[in-house]
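In each ligand, atom 1 is the first atom listed, and ligand 1 is the first ligand listed.
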Amino acid sequence: MKRILFVCLGNICRSPAAEGVLLAKARGRGVKVYIESAGTGAWHVGDPPDPRMIKAAATRGYDLAYQRARKVEIADFYEFDYLLAMDLANHTDLMELAPPNRSADIRLFLDFADCQTRETPDPYYGGDGGFERVLDLIELGAAGFLDHLEDESE
Ligand code: 4NP
């Protein structure tokens with residue numbers, strides 16, 4: 001079973017949504033995964049996801065309400081198979097934190113998606129449309145990432 005950690009900045013919008021969407025889609029396809037999410041920043045540690053993100057996700061059938069924010073830890077670089085960054089800044093931050101002998105593969109999540117966009121834009125300071133856009137991109141990323149895991153296990 002692959003262990004996956006989604007990483008964004010605050011761990012209250014994008015990476016919790018990615019955790020919830022991938023979990024639901026993996027269950028739907030019968031792919032066994034262990035998923036968590038974390039932030040590179042510590043402002044929201046212990047908080048549930050942003051209520052706007054919880055609501056937008058719930059409308060599509062994804063439950064995010066159980067999640068609580070935490071910060072990325074050095075142990076994550078050894079305990080997860082994949083650290084999936086939501087944008088390029090998250091990816092750069094992870095590469096800077098990464099111990100040289102880490103075992104995790106550090107990737108940009110949308111590089112697995114069938115789309116031209118590489119980054120999931122931060123919706124925190126924008127309107128409701130930003131949360132729908134985040135979910136659209138994450139659904140594409142989740143489908144592509146599950147294809148990748150299935151190819152890998154063949
Ligand atoms: P996220 O969005 O990285 O998708 O969780 C953010 C949420 C909060 C903040 C930044 C980004 N913040 O600066 O508080």
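- Heavy-atom contacts of Ile12 reach the following atoms of ligand 1: 5 (O), 7 (C), 8 (C) (cutoff under 4.0 Å).
- With no hydrogens or angles considered, a side-chain donor-acceptor pair links Asp87 and Asn90 at under 3.5 Å.
- Listed by atom number, the atoms of ligand 1 under 4.0 Å from Asp122 heavy atoms are 2 (O), 6 (C), 10 (C), 11 (C).
- For ligand 1, the atoms sitting less than 4.0 Å from at least one non-hydrogen atom of Leu9 are 3 (O), 10 (C), 11 (C), numbered in the order shown with element in parentheses.
- By the 3.5 Å distance cut-off applied to N or O atoms, Cys8 is not counted among the residues near ligand 1.
- A salt bridge is absent between Asp105 and Lys2; no separation between the charged side-chain nitrogens and carboxylate oxygens falls under 4.0 Å.
- Between Phe112 and Asp147 the shortest side-chain heavy-atom distance does not fall below 4.5 Å.
- Per-residue contacts place Asn11 under 4.0 angstrom from the following atoms of ligand 1 (heavy atoms of the residue considered): 5 (O).
- You'll find the side chain of Asn11 stays beyond 4.5 Å of the side chain of Val45, heavy atoms only.
- Using a 4.0 Å cutoff on heavy atoms, His44 counts as a contact of ligand 1.
- Using a 3.5 Å distance cut-off with no hydrogens or angles, the side chains of Glu19 and Tyr66 do pair a donor with an acceptor.
- Of the polar atoms of Arg14, at least one N or O is found under 3.5 Å from an N or O of ligand 1, judged by distance alone.
- At the shortest separation from atom 9 (C) of ligand 1 among protein heavy atoms lies Tyr124 CD2, 3.8 Å.
- Between Tyr82 and Phe145, the ring planes are perpendicular. Angles over 60° get that label, and only those under 30° would be called parallel.
- Per-residue contacts place Cys13 under 4.0 angstrom from the following atoms of ligand 1 (heavy atoms of the residue considered): 1 (P), 2 (O), 4 (O), 5 (O).
- Between Asp76 and Lys71 no salt bridge is recorded (no basic side-chain N to carboxylate O distance below 4.0 Å).
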